[in-house]
Undergrad: 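Would you mind keeping the following structure in view while I ask a few things?
Remember, it's a predicted structure, so these values are computed and weren't measured experimentally.
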Amino acid sequence: MPLILSRAAAAKRNDIPGLDGLRALAAGIVVLSHMSNAKWLSLGGLSFAGWGKTGVFLFFFLSAFLLSRIQIGQGAGFWTPGGMAAYGLRRLARIVPLYLLYLTLALVTTWALQASGQRATAAFPFPLWWQEYLGHLTLRDGKSVTWSVPVELKYYVLLPVVTLGFDLLRRLGSGATVGIGLAGFGVLAVLSRDAAASNSVALWPYLCCFWAGSLAGVLSATAQASEVRPARGVAGGGMILGLILLVLTIPDLSDVLFGDAVTATLRVWLVPLASLCAGLLVLGLEHGPRPLCAVFVAPLMRAGGALSFGIYLWHMAVLDQIALRTDLTGGLAILALLAGTLALSLASYLAIEAPILRRSQRLAQHLTRARP
């Protein structure tokens, strides 16, 4: 645990400790949804099936928010050759090593099972053939939970330009930035209509979520620089509203409370709705009352945030293996899933993610110190 929580560099980078806890919540939503999909979990008859997309959209928003906030903080230094190289290095180091291991493991186990005359469907983390492997590496394909990775990597390319646009708008005043930003969000929200119905690797269906995150990140950096802060009560109220809306995106719950028609409408507009939830939660974490943020800064939540990418990737692989190879259901299946997921996530974090992130951070610092 101390190794995971000693993310001093990350804390200095974002000044919002609760963001790690929010990542943990996003990962937890995805896991809960998939446990319900497997018929392992329901609370008083309430299923979490279909809630997972909300968790993924929280991840999208948080990535855009934090990266745009950092870019604004770096100012003109971001656009130097060293600054751009450091940005690309950090983004690749954060996602690609574990993702590449994950895909290669799938490819190798698929080949090994087929070569031994066994069912390739038992491959871990899932069956993957050469064509699919290359499709994943070129960001054209996604399978199981990996569909979101190409989407995020594609936005990493676009993000600096979007953030620069918002930065230029700031010269017209915060009102213009907010007005044009919200107008753009509205247009993109229409384009994202019903995007939650499929697992597309295209960027455009989810662009409004990233757009909202980048806009929020720019506004956060602007407020920080000008020392203008929203009232704690307003930020806290926004956070409570965000949590309520987040819970209402559980399809079963909205069905019970409002009926099928409202639930269907919420699903159609889930991308912008999840973006709104994320924005309100981040506002509360940054400016709200500390007691309200306490859960998100708790050690276990911070650790969950550090492991969130591993949890997101590994949990589905473990779930599929339990369903395929055992007769476990209910509580025993959930315990096996949690144990296996946490073990793999911790191992991959300590062996792959953390060492590579540390090295990339040192190299990125060297690049940004170098003269163009």
Side-chain angles (χ1 to χ4, degrees), residues 14-33 43-44 46-48 50-66 69 178 181-182 185-186 189 196 208-209 211-224 228-259 262-263 265-267 269-302 304-305 308:
N14 60 54
D15 323 313
I16 310 174
L19 291 185
D20 272 340
L22 194 50
R23 286 192 190 91
L25 175 62
I29 288 172
V30 176
V31 175
L32 283 173
S33 176
L43 295 179
L46 177 69
S47 169
F48 297 99
W51 199 26
K53 284 290 180 64
T54 301
V56 175
F57 300 150
L58 288 181
F59 277 127
F60 288 168
F61 182 98
L62 288 171
S63 291
F65 171 81
L66 182 55
R69 193 172 186 265
V178 172
L182 290 179
F185 176 76
C208 84
C209 190
W211 176 278
S214 286
L215 175 61
V218 171
L219 294 176
S220 172
T222 302
Q224 185 182 42
V228 174
R229 302 286 188 274
R232 285 191 180 274
V234 172
M239 188 174 185
I240 292 171
L241 176 60
L243 289 170
I244 292 171
L245 292 174
L246 187 69
V247 171
L248 290 178
T249 62
I250 302 173
D252 251 23
L253 181 61
S254 62
D255 242 2
V256 171
L257 294 177
F258 309 117
V262 172
T263 300
T265 301
L266 291 178
R267 295 301 291 176
W269 300 104
L270 183 60
V271 179
L273 179 59
S275 305
L276 174 62
C277 293
L280 291 171
L281 290 172
V282 169
L283 176 69
L285 288 173
E286 188 172 9
H287 300 293
R290 289 186 178 180
L292 198 58
C293 306
V295 172
F296 292 94
V297 298
L300 280 176
M301 291 293 282
R302 289 168 56 203
S308 58

Undergrad: Is there a side-chain contact (heavy atoms from CB on, under 4.5 Å) between L43 and F48 once you walk through the steps?
TA: CA-CA 9 Å; L43 295 179; F48 297 99; 3.6 Å; yes
Undergrad: Flag the pair F65 / L19 as yes when at least one side-chain heavy-atom distance between them is below 4.5 Å, and no otherwise.
TA: yes
Undergrad: If you measure from CG on L281 to CG on L58, what distance do you get to the nearest 0.5 Å?
TA: 7.0 Å
Undergrad: Atom CG in L22, atom CD1 in I16: separation rounded to 0.5 Å?
TA: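 Between L22 CG and I16 CD1, I get 10.0 Å after rounding to 0.5 Å.
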Undergrad: L266 and S254: which non-hydrogen atoms are nearest, and at how many Å?
TA: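 Heavy atoms of L266 and S254 come nearest at CD1-CB, 3.8 Å.
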Undergrad: For D252, enumerate each residue passing the side-chain hydrogen bond (donor to acceptor under 3.5 Å, both in side chains) test, keeping only those at least two apart in sequence or located in another chain.
TA: none
Undergrad: With rounding to the nearest 0.5 Å, note down the distance linking CG in L276 to SG in C208.
TA: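 If we round to the nearest 0.5 Å, L276:CG and C208:SG are 10.5 Å apart.
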Undergrad: Could you tell me whether a side-chain N or O of T263 sits under 3.5 Å from a main-chain N or O of D255, the two making a donor and an acceptor?
TA: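 Between the backbone of D255 and the side chain of T263 there is a qualifying donor-acceptor contact (under 3.5 Å).
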Undergrad: Taking the side chain as every heavy atom from C-beta outward, state whether L62 and R23 have any atom pair closer than 4.5 Å.
TA: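 They are in contact (side-chain heavy atoms under 4.5 Å apart), so the answer is yes.
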Undergrad: Could you label the plane-to-plane angle of the F57 and F60 rings as parallel, tilted or perpendicular, counting under 30° as parallel and over 60° as perpendicular?
TA: tilted
Undergrad: Are S308 and F59 close enough that some pair of their side-chain heavy atoms sits under 4.5 Å apart?
TA: yes
Undergrad: What are the two closest heavy atoms between G279 and F61, and how far apart are they?
TA: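 Nearest heavy atoms, G279 then F61: CA-CZ, 3.5 Å.
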Undergrad: Roughly how far, to the nearest 0.5 Å, is CZ of F258 from OG1 of T265?
TA: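 Reported to 0.5 Å precision, the distance equals 11.5 Å.
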Undergrad: May I have all residue pairs that pass salt bridge (charged side-chain N to carboxylate O under 4.0 Å, His left out) and include part of residues 271-281, sequence neighbours excluded?
TA: none
Undergrad: So, does R267 use its side chain to make a donor-acceptor pair with the main chain of G50 at under 3.5 Å?
TA: yes
Undergrad: Would you check if the side chain of S33 reaches a backbone N or O of I29 as a donor-acceptor pair within less than 3.5 Å?
TA: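 Answer holds: no.
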Undergrad: Show me the side-chain donor-acceptor pairs of residues 237-251 shorter than 3.5 Å, one per line, residues at least two apart or across chains.
TA:
unit_1	atom_1	unit_2	atom_2	d
T249	OG1	W51	NE1	2.9
T249	OG1	T54	OG1	3.2
T249	OG1	L246	O	2.5

Undergrad: Between W211 and A189, is there a donor-acceptor pair closer than 3.5 Å when you use the side chain of the first and the backbone of the second?
TA: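 It does not hold such a pair.
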Undergrad: Output a table of donor-acceptor pairs, distance under 3.5 Å, between side-chain atoms of residues 283-300 and any protein atom two or more places apart or on a different chain; print 'none' if there are none.
TA:
unit_1	atom_1	unit_2	atom_2	d
E286	OE1	S220	OG	3.0
E286	OE2	R69	NH2	3.3
E286	OE2	S220	OG	2.6

Undergrad: Could you note down all residue pairs passing salt bridge (charged side-chain N to carboxylate O under 4.0 Å, His left out) where residues 273-285 supplies at least one of them, sequence neighbours left out?
TA: none
Undergrad: List in chain and number order the residues that pass side-chain hydrogen bond (donor to acceptor under 3.5 Å, both in side chains) with S47, two or more places apart in sequence or in another chain; answer none if no residue qualifies.
TA: none
